[in-house]
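Worksheet: the structure to be examined is printed underneath.
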Amino acid sequence: MVKVWLLALMILYNGFSLTVFGIHNSTRPEFVNIGALFSFNTSVGKIIKIAIEAAVEDVNSDPNILGETKLKLSLQEDSKYRGFLSIAEVLQVMARHNVAIIGPHSSVTAHVITHIANELQVPLLSFSALDPTLSSLQFPFFIRTCHSDLFQMAAIADLVDYYGWKEVIAVYIDDDNGRNGIVALGDKLAERRCRISYKAPVSPEATPEEITNVLVQVALAESRIIVVHANTLWGPKVFSVARNLGMMGTGYVWIATAFLSAILDISGPLSSDKMDEIQGVLTPRMYTPDSELKRRFVLKWKNLTRGNTADGPLGLSFLSLYAYDTIYALAHALDAFFKQGNKITFTNDSKLLSLHGDTLNLEALNVFNEGNTLRKNIYGVNMTGVTGLFKYAPDGNLVNPAYEIINVIGSGSRRIGYWSNQSGLSAVPPETIHSKPGNGFRESKKLLPVIWPGDIDQKPRGWVFPNNGRLLRIGVPISVSYRQFVSQVPGTDTFQGFCIDVFLSAVNLLPYAVPYKFIPYGDGKNNPSCTELVRLITTGVSIMSIVFCGVWMFLMPYVESGLVVVAPVRGSETSALAFLAPFTPRMWFVTALFFIIVGTVVWILEHRVNDEFRGPPKKQLITIFWFSFSTMFFSHRENTVSTLGRCVLLIWLFVVLIITSSYTASLTSILTVQQLSSPIKGIESLVNSKEPIGYSQGSFSKNYLIQEVGIDESRLVPLITPEQVTKSLEKGPRDGGIAAYIGQRAYIDIFLSSRCQFTVVGQEFTRNGWGFAFPRDSPLAVDLSTAILQMADNGDLQRIHDKWLLSRACLTQGAKLEVERLELKSFWGLYVICGSACLLTLLIYLIQIIRQYNKHHSEELDSPDQNSGSGSTRLRSFLTFIDEKEETVKNRSKRKKMERISYRSSEGGSISINSNKDYVAQSSSCIADSVSNGGSEQVFIKVV
């Protein structure tokens with residue numbers, strides 16, 4: 001009996017405990033507790049409350065989602081709106097055994113309470129805490145039901161890169177959300193070769209005076225692209241102070257994060273004073289595609305907010321849409337949770353029970369046993385809500401993040417384009433781009449025009465010289481040699497030279513003033529290293545540095561100057577065989593060969609028809625050589641009769657004309673222009689030799705010759721002044737000098753203008769130019785490059801060059817280095833044409849000969865006294881036929897034809913005599929009379 005009572009008491013106790021938690025013995029409970037933690041007294045909190053309550057009502061009225069189970073919502077006011085002070089409110093929500101909590105509003109609070117959610121395994125679903133770091137593995141129970149700020153920062157970085165800006169200034173609240181958002185912005189800018197040049201953090205409790213102090217420092221900075229990352233309460237204060245400081249005018253670019261678009265949506269239309277403070281500002285707005293569900297919700301929203309406008313209008317923001325979809329997503333996750341056979345149970349946390357103290361009441365906090373299962377079901381939701389497709393990617397973020405780019409204009413705003421993580425910036429919605437072919441996608445990559453601060457439509461430059469009293473520091477190398485380029489006026493801080501004049505002229509063309517100061521670099525005894533000077537820029541020694549150096553092409557080059565080889569030369573004397581110099585040996589051989597070939601071809605074509613090409617073999621051989629070589633002077637006396645021979649001769653005479661003209665011009669140059677010779681032919685011959693090579697101390701030549709060309713460092717001799725170069729070249733490698741000197745073309749031109757015993761050998765083996773070196777992505781580089789290009793167009797650059805670098809050239813610079821012989825590769829086309837013509841004519845001639853011979857041979861076979869004979873006999877017959885004159889062959893052919901006719905006629909006469917004796921007798925008498933007369937006449941008897 002005692003056991004029965006104990007069993008009954010246990011059943012009653014279990015039923016009581018489950019009833020307290022709102023759970024029945026069935027799988028699906030009657031209701032499920034969910035909580036919401038927001039600051040409902042703010043305008044943002046009000047619209048969130050309206051959207052959440054509307055979503056809970058719609059879910060409870062739809063039996064297709066949770067069936068008979070209802071959501072029971074408990075709202076908790078986050079009155080302190082701060083991280084640590086909100087813990088009390090959070091603990092109150094957790095003590096109500098909620099299976100999920102919607103919120104919190106801010107990322108600061110989320111960073112604190114996510115630790116509690118992890119401990120109690122209660123999912124936190126937030127659509128307003130957008131800090132990217134909350135998505136880390138450290139906070140598994142924090143589930144963001146909106147798009148992270150990471151995508152918003154990517155959209156802003158794309159916007160900065162789209163307009164060609166390289167540096168921005170970040171103004172932000174110095175809290176978790178502000179700092180982490182700006183870090184994400186810096187990462188996205190770095191991916192596009194941009195950067196944050198200045199960070200201006202502001203305290204969350206900053207006064208207008210403190211904000212003013214921060215913005216004054218911003219105004220002194222160089223960049224005019226300002227990104228403001230704040231919330232709806234603090235952000236408008238920044239623009240109010242900026243307008244009072246005159247920072248909302250021409251030249252500035254303001255980009256606000258999504259807080260500004262939320263203000264425009266929720267509290268719009270704003271007063272004229274508030275709108276004047278944000279004119280021209282760009283801001284992203286979270287994009288939700290148009291759909292039937294969204295349109296129905298927009299109509300419903302007007303009814304929901306009709307009685308809640310006492311403190312101002314409550315417009316529809318993306319926060320309202322995602323709040324509504326968050327409740328629906330949780331409902332679908334709970335439906336899947338229950339369909340899996342799960343139950344909602346809570347147990348005491350042993351860790352909390354070990355902490356003693358009545359004031360905190362930690363015993364009321366229990367662990368949601370199935371919290372991890374519900375969390376997985378939330379990530380598995382795949383539905384279409386008022387925001388569009390609601391589905392999570394493998395990284396825990398919602399799919400298809402997209403934003404509208406809004407430009408504040410007049411009393412409202414205008415959309416200038418869109419951004420999505422798949423298509424980037426575009427002028428059409430993302431879903432439209434995805435349905436277009438490739439060409440349509442490329443055409444949509446442009447944004448609509450923007451009205452910038454100051455009511456201008458021209459894109460601001462985005463930077464100015466910092467108004468902080470500091471000058472642009474310009475490093476100037478003090479070289480010992482070639483002072484025409486850069487030199488310091490003795491006893492002063494001023495500089496002069498070609499490079500100095502180019503820089504000053506370019507600066508004068510800029511539309512703004514550039515305060516600068518020249519900083520000399522070098523000891524005046526040795527040439528400074530340009531590489532080391534440029535390294536000082538990259539290490540950030542100067543605020544901004546420009547280097548007058550000829551190897552770094554960070555800017556538009558104003559002098560083309562590659563590396564060349566200088567070597568000693570000597571004049572060469574004309575030899576007795578100078579007439580052979582114009583052609584190379586191969587050219588002479590091929591030319592002579594073609595003279596013989598053409599003479600032979602013409603002889604073959606003319607031999608059977610032209611008496612001038614006939615005779616004894618010795619005479620014919622002489623004729624071939626005489627005719628071929630006499631065409632060189634167009635003095636051949638033999639006439640060509642055949643058509644084929646004339647064609648070959650015409651083409652050959654054209655070839656001879658070109659060859660003789662080229663020979664005459666080359667020989668004239670050889671005999672009249674001074675010829676120079678040098679054992680060094682160029683950089684290739686230096687690489688293959690072991691002789692020492694000189695270079696300019698401090699230049700980049702040494703590293704280039706070692707690393708790129710492959711010359712051993714022991715062979716390189718550093719030289720400082722032109723006098724040292726001259727002395728070393730004159731000594732030569734045998735007397736302790738150098739075989740050649742390698743320098744930049746601009747310097748070498750000045751060096752050779754007064755030193756005629758040296759010259760440049762070979763070609764330039766680098767293609768470099770002189771420019772002003774800047775730090776990477778310096779905005780001044782673009783404007784100064786444009787100014788140098790303008791100087792090149794209007795002739796200022798050439799006039800400066802003539803002022804400093806124009807000098808009288810050495811007389812030997814007009815001389816030629818060695819003989820430039822004419823090679824076969826320059827004429828092979830002519831020889832191919834001539835050779836093809838010879839082959840073609842010989843082929844045609846052979847076909848004609850074979851046809852004539854076949855005809856002649858067939859006639860001989862028809863003769864009664866001829867037989868076919870052997871192959872050798874026929875070959876001898878063919879060769880004899882070729883050697884015979886064509887006229888003789890034709891006469892013999894006619895005679896044989898007459899004989900055949902006579903023979904056939906005599907046979908016919910015998911037949912007629914046998915048939916008619918009288919007539920035969922009479923004919924015989926006549927024939928006898930004819931024969932007796934000498935047989936010189938032919939008798940033709942017609943047989944009837």
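Side chains included, hydrogens not; waters and symmetry mates left out as well; all remaining heavy atoms used. Predicted, not measured: the structure shown is a model, and the values here were computed from it.
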Residue pairs fulfilling salt bridge (charged side-chain N to carboxylate O under 4.0 Å, His left out) with at least one residue in residues 123-149, sequence neighbours excluded | none
Charged N to carboxylate O below 4.0 Å: is that the case for K339 and D335?
-> yes
Does the Q92 side chain pair with the main chain of Q76, one donor and one acceptor, at a distance under 3.5 Å?
-> no
Once the angle between the rings of F297 and W301 is folded into 0 to 90°, is it parallel (under 30°), tilted (30 to 60°) or perpendicular (over 60°)?
-> tilted
Less than 4.5 Å apart, any side-chain heavy atom of I47 and any of L316?
-> no
Salt bridge D187-R192, side-chain N to carboxylate O under 4.0 Å = no
By side-chain hydrogen bond (donor to acceptor under 3.5 Å, both in side chains), which residues pair with R414, not counting sequence neighbours?
-> none
Would you check if there is a donor-acceptor pair between the side chains of Y287 and E431 at a distance under 3.5 Å?
-> yes
Chi angles and distances behind the ring-ring contact (aromatic ring centres under 6.0 Å, His included) call for F127, F38 | CA-CA 11 Å; F127 46 83; F38 286 94; 5.4 Å; yes
Is K199 salt-bridged to D174, going by a charged N under 4.0 Å from an acidic O?
-> no
Where does the angle between the aromatic ring planes of F337 and F368 fall among parallel (under 30°), tilted (30 to 60°) and perpendicular (over 60°)?
-> tilted
Are Y403 and F151 near enough that their ring centres are under 6.0 Å apart?
-> no
